[in-house]
Number of protein chains: 2
Amino acid sequence: MKGNAVFKSGYNRCLRRLAHLPPGARLPSENELALALDISRTTIRAVLAALEERGIVGRAGGQRHLVRVPTEPDHFPDVQTLSAGAAFERRFLEWILQGDFRAGQLLNAAELARQFGTSTTTIRECLARFQHFGLLERRPNSSWLFNGITVEFVREIYDVREMFELRATRSFIERPDTAPEWRELAVIEQEHRAILAHLDRDFALFPQADERLHRIIHEATGNRFIIDFYNVVATLFHYTYRWNREDARQRSATALTEHLDYIDALRSRDPRAIDARCRKHLRTACATLIGSIETRANTAAPHAAILT
Amino acid sequence: MKGNAVFKSGYNRCLRRLAHLPPGARLPSENELALALDISRTTIRAVLAALEERGIVGRAGGQRHLVRVPTEPDHFPDVQTLSAGAAFERRFLEWILQGDFRAGQLLNAAELARQFGTSTTTIRECLARFQHFGLLERRPNSSWLFNGITVEFVREIYDVREMFELRATRSFIERPDTAPEWRELAVIEQEHRAILAHLDRDFALFPQADERLHRIIHEATGNRFIIDFYNVVATLFHYTYRWNREDARQRSATALTEHLDYIDALRSRDPRAIDARCRKHLRTACATLIGSIETRANTAAPHAAILT
DNA sequence: TGCCTGTTCTTTCTGCATTAAAAACAGATT
DNA sequence: AATCTGTTTTTAATGCAGAAAGAACAGGCA
């Protein structure tokens, strides 16, 4: 049966909203809440009914009011607020990229379903998405082949990424000075400087800043294929970033500095400077990733084979 | 239940193979057949059992022999040799791209399942694939949005395609003279000349030749993202080629000539010449496609709304 | 009239069951 | 020893059903 993730996430978000109200306050109308939480009125009604049930909300006639201020234990656990598919996607990527699963191994849907406690239907649908990432290959009427994050794979990704990002910078610098992107860029620059200023404390914030900068550049193209590709890249990097924790501080510092140069180049609107800085940064990033793959291959023993 | 498409396609391909043998001839072993038809021995055994049942194949002890030469009516209809998913994919693309379905309309899986006579499971899985094409957008817990082949969409595709193809030519010309790609290119060139020589009769062969040329170039990169993208492009073009039948002959002639120039440039290995010819050809192709979209928008009345 | 809540109907999500296909195993035959 | 066929065990493809979420309809009240 369908897991009521929308209900639970709505319930939690609704609680958070009520926490700001004083006890006794009138609740907003069902329509207002539905709009605010971006779920249907049907679901809001279910949430409100549950809140009444638990004595958090009371009603007089058609009007609802807050009975007591909700507390932390009133919330559902976060895991339950993800749909079966989304939850599996997260856990699966974590498992396959962080764990010891190696390129060339086969995955079977039935086993995964057992392991992750969901149905094969959900598994199949999600694995199909990863095909798109170039991570998995489907072999009809047979198991799935894990292609793995190999050096070759990273080269292919970066090859495309460089093309796309250079192309994106051209769209970016065509924006008029008044465009919101330039303001956003200034904010990103400040964020970078702030991290650099307290590097020892904050270097772990680098991935977010990185994602924000590259995303705004890619999005300037307005090209759905380029943006879609960046989403893939960002997802993969999110999960592979932690492969090599050594020098994380140093690597962040280098990348942040390269970013600042890159931002300067963008401001200058000089294509040559931009190309040079962008290429330089991407090459460093690519080399870093390849480096962690190799470290990983040498250190972690492949005691994988949980699944044949 | 699972439709036995593998069995039926194997059955047909097996028949075709037997048609070359004289009556009374010994059949190859199960293993050999399984390997040759690229299906499992289990399925081959089912096929052979069915052939015995129908008196096409007989057996003495463990040995099978051909009793009578199979004829056309012994085959299964082609439609049944496609898996539920593949069959739906084909019919759906045909329907949505050839029909009057317009950008911005909503699709719902339940209705499609009724219309195409398959289950919603299959529909969902396939629609997910088309997300990748940029054709559809999934809106969780709600219907699918058809983005359509708009002028904007075509511009985005060609923007990426130009980057990829220019990049691919660089890989291509790095191949040594002895590489099989150059031989294949020569064959493609001959094919082009042959079509041009009998243009009035053969211009309908152009799409195949076009696909073959561009594919060999893209594949030279060995980059899975580039090749995957070309697969998307090729599929879309396969279904949109027939939008504007006017001037099909003339358009093919232009493209074929541009291809020949492009091939010459590749042979010269001169990057500038290649870029110029490649760009020119892609711009023509893009303009042609945009032209047919506009024609289509003006002529075909949007009496679509089969689905709300 | 416009917004609210109550109700009903439709559609998606997701687990499960069933059958086709593959894979593994085992004895037989050359 | 290698290859063949017969048999059994697993796994993937796909339809279906039940519950959740969305959408539309309807009466009531400011």
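A, B, ... follow the sequence lines: proteins, then strands. Residue 1 opens every chain.
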Terminal axis angle for the helix from C:dT1-D:dA30 to C:dT30-D:dA1, five pairs an end, nearest 10 degrees: 30°
With a 4.0 Å cut-off on heavy atoms, is B:R114 in touch with a base, just the backbone sugar-phosphate, or nothing at all? sugar-phosphate
Using the side-chain heavy atoms of A:N141, tell me which of these nucleotides is nearest: D:dA12, D:dC4, D:dT14. D:dA12
Starting at the 5' end of DNA chain D, which residue's closest nucleotide do you reach first, B:R64 or B:R139? B:R64
Within residues 5-15 of chain B, which residues have any heavy atom lying less than 4.0 Å from an atom of DNA chain C? B:A5, B:V6, B:F7
Which is the 5'-most and which the 3'-most nucleotide of DNA chain C that has an atom under 4.0 Å from a heavy atom of chain A? C:dC4 to C:dA23
Mind listing the residues from residues 38-56 of chain B sitting with a heavy atom below 4.0 Å of DNA chain D? Number order is fine. B:R41, B:R45
Do B:H132 and B:D228 have side-chain atoms, one donor and one acceptor, less than 3.5 Å apart? yes
Hey, would you say the B:F237 and B:Y241 ring centroids sit under 6.0 Å apart? no
Mind running a 4.0 Å heavy-atom check of residues 121-132 of chain B against DNA chain D and sending the residues that fall below it, in number order? B:T121, B:T122
So, B:E32 and B:R17, do they make that salt bridge, N to O below 4.0 Å? no
Name the residue closer to the 5' end of DNA chain D, choosing between B:T118 and A:A109 according to the nucleotide with the nearest heavy atom. A:A109
Assess, by modelled atom type and distance only, whether the side chains of B:N231 and B:R215 contain a donor and an acceptor separated by less than 3.5 Å. yes
Listed by chain and number, what are the side chain to side chain donor-acceptor pair (under 3.5 Å) partners of B:T42, not counting sequence neighbours? none
